Amino acid sequence: MEMVNEAETKSEAWELAKELVRIDSSDPGAYEKEIGEFVYGWLRGRILESGLEADERDEAGLGAEAAADRKNGKILLCRREALPGRFNVMARIPGEKPGPALTFICHMDTVMLGDGWDEARPALGAVAENGRLYGRGACDMKSGLACALTAFSGILKKVGQGARPARPLVFIGTVDEEDFMRGVEAAIRWGWATKQDWYLDTEPTDGQIQVAHKGRLWFELTMEGITAHASNPWKGADAIAAMAEAVSLIRRRIKDCPAHHDLGISTVTFGQIEGGYRPYVVPDRCRVWIDMRLVPPTDTAAAKRIMDEAVRTAQDEVPGVKGSYVVTGDRPYVEKDDQSPLLAALRRAALEVTGREAEVGSFNGYTDTAVIAGTLGNHNCMSYGPGSLELAHKPNESVPFEDVRRCGKVLGRLAEDVVFGN
């Protein structure tokens, strides 16, 4: 039900966001097949409506093929499987001159639909009420996806009307961002993402331009003990007790790590644990999964030293226990580069649209652009999108209309300035 004046919510990005929210692309869940097909079809329709020709491919890179596109003037449109049945989408408007492309990169999946939604605001309802859009992915990040798509479409229209783009504009829609981020990893392998080009994702940033990211390091820590009856615990080795010693030490060490002037403090979360059989049996095995968010100067090597100390301490405190760990995920931290030309261009666009300087901050989570920055050493990677990260992944997730309108205009201005060399 719409409880705001329709004229007040006249925005192409807003209407598109509603359509996107109605599509279940939960991960795990329905995944991205339906939304990927929608995005691909939407882009194809906009290319044709602009009087341009789509060069459709099932697989494509952006090297020699991109150079060829500059000559034939076609809009490259591609979908390529990153995981079985799950494909990334890419569209590219060629530029007439060499130079870095501006790329909007947006994930198409959401977290699980989840429970706890108000009856009048179902997860896939796309209910617009009092100037807010409710639904799973409303802020993370289907409204941002809508802003990027409509900004891309705006450039298509201008090119169709005879404008000559100096620089390329690219849209990439990725899969699996809410899980292991294998969609953006595939984009890097295929050459869709490079060290030279500029990358902007549209995660919810509360009006900020968010550049820096904490590192994300995952461990799986295991304690192997010796089983025994609880009435004779000295005959066994308690793996859970040993894990408690390790967990306590890790918490203390991470708490003592130095803070960073932009990124804040390093943190640790023990997200999952399993072990033991019954209350009356000494447990011979315990395993915990650990998530560390690290800021400079604390890096992977420093975290491993903490883990080594935790294992030694646990073994000393609970004789007979053997501890070990494996690294299951390692994303480096990304620091802000004040000299980034994309940062300067985005700040100008935000100022022109809003009339005030956008605050530059850091992103608490890890994004597709952070993967590109960390993997390739690309300093032109950042986030700017509608909504607040504090509402993401929760029941009754929502995004304000004014945020969507602002972000759509800023992305449109940025694209025009970069692509046409303003």
Side-chain angles (χ1 to χ4, degrees), residues 13 16-43 78-91 103-115 117 122-126 133-149 152 171-190 192-193 199-205 213 216 218 291 329 331 363-372 383 385-389 391-399:
L16 180 56
K18 293 178 187 177
E19 293 187 73
L20 295 169
V21 168
R22 293 187 185 105
I23 300 172
D24 184 357
S25 58
S26 50
D27 179 4
Y31 296 108
E32 307 90 353
K33 185 176 187 297
E34 183 179 355
I35 196 169
E37 290 174 345
F38 177 92
V39 169
Y40 186 92
W42 190 93
L43 284 165
C78 176
R79 51 187 163 194
R80 187 167 180 179
E81 194 173 69
L83 294 164
R86 304 167 67 183
F87 54 87
N88 290 346
V89 176
M90 184 265 288
T103 301
F104 296 133
I105 183 165
C106 308
H107 66 85
M108 301 182 293
D109 58 333
T110 71
V111 294
M112 294 184 295
L113 299 182
D115 300 321
W117 293 83
L124 301 176
L133 174 63
Y134 292 85
R136 176 57 74 220
C139 70
D140 187 16
M141 59 179 297
K142 289 184 175 178
S143 58
L145 172 60
C147 289
L149 285 169
F152 189 90
F171 167 84
I172 298 175
T174 62
V175 302
D176 197 53
E177 193 272 351
E178 296 290 4
D179 198 0
F180 294 102
M181 310 182 94
R182 291 168 290 187
V184 68
E185 289 177 337
I188 293 170
R189 288 197 308 273
W190 302 334
W192 289 14
Y199 297 90
L200 181 67
D201 69 58
T202 53
E203 296 280 2
T205 62
H213 299 261
R216 190 190 74 184
W218 287 349
D291 179 305
R331 305 284 191 193
F363 197 93
N364 285 336
Y366 216 82
T367 69
D368 280 348
T369 56
V371 175
I372 295 169
S383 305
S388 173
L389 191 64
L391 297 180
H393 301 187
K394 293 184 177 183
N396 300 315
E397 176 183 348
S398 66
V399 64

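Just so you know, these numbers use all the heavy atoms, side chains as well, and skip hydrogens, waters and symmetry mates. A quick note: this is a predicted structure, and the numbers were derived from the prediction, not measured.
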Report task. Check side chain to side chain contact (heavy atoms under 4.5 Å, CB included) between Pro84 and all other residues, then give those that pass, not counting sequence neighbours. Result -> none
Query raised in the report: Are the side chain of Asn396 and the backbone of Trp117 linked by a donor-acceptor contact shorter than 3.5 Å?
Result: no
Query raised in the report: Hey, are His107 and Asp368 close enough side-chain-wise for a donor-acceptor pair under 3.5 Å?
Result: no
Report task. Taking Arg136 for its side chain and Met112 for its backbone only, find out whether a donor-acceptor pair lies under 3.5 Å. Result -> yes
Query raised in the report: Has the side chain of Lys142 got a donor or acceptor atom that lies under 3.5 Å from a matching backbone atom of Ala17?
Result: no
Requested in this report: Just jot down the ring pair (Phe, Tyr, Trp, His ring centres under 6.0 Å) partners of Tyr366, sequence neighbours excluded, or say none.
Outcome: His213
Query raised in the report: Is the NZ or CZ atom of Arg79 both under 6.0 Å from the centre of the six-membered ring of Tyr40 and within 45° of that ring's axis?
Result: yes
Query raised in the report: So, Asp109 side chain and Ser26 main chain: donor-acceptor pair closer than 3.5 Å or not?
Result: no
Query raised in the report: Looking only at heavy atoms, which two atoms of Val21 and Gly137 are closest? And how far apart?
Result: CG2-C, 4.5 Å
Query raised in the report: Distance-only, no hydrogens or angles: does the Glu397 side chain make a donor-acceptor pair with backbone N or O of Asp140 under 3.5 Å?
Result: yes
Report summary line: Of all heavy-atom pairs linking Phe87 and Val175, the shortest is O-CG1, 3.4 Å
Query raised in the report: For the residue pair Pro395 and Asp115, what are the closest heavy atoms and their distance?
Result: CG-O, 3.3 Å
Query raised in the report: Can you find a side-chain donor-acceptor pair between Lys33 and Ser25 that sits under 3.5 Å?
Result: no
Report summary line: The complete set of salt bridge (Lys or Arg N to Asp or Glu O under 4.0 Å) pairs with one or both residues in residues 20-32, sequence neighbours excluded, reads Asp27-Arg86, Glu32-Arg86
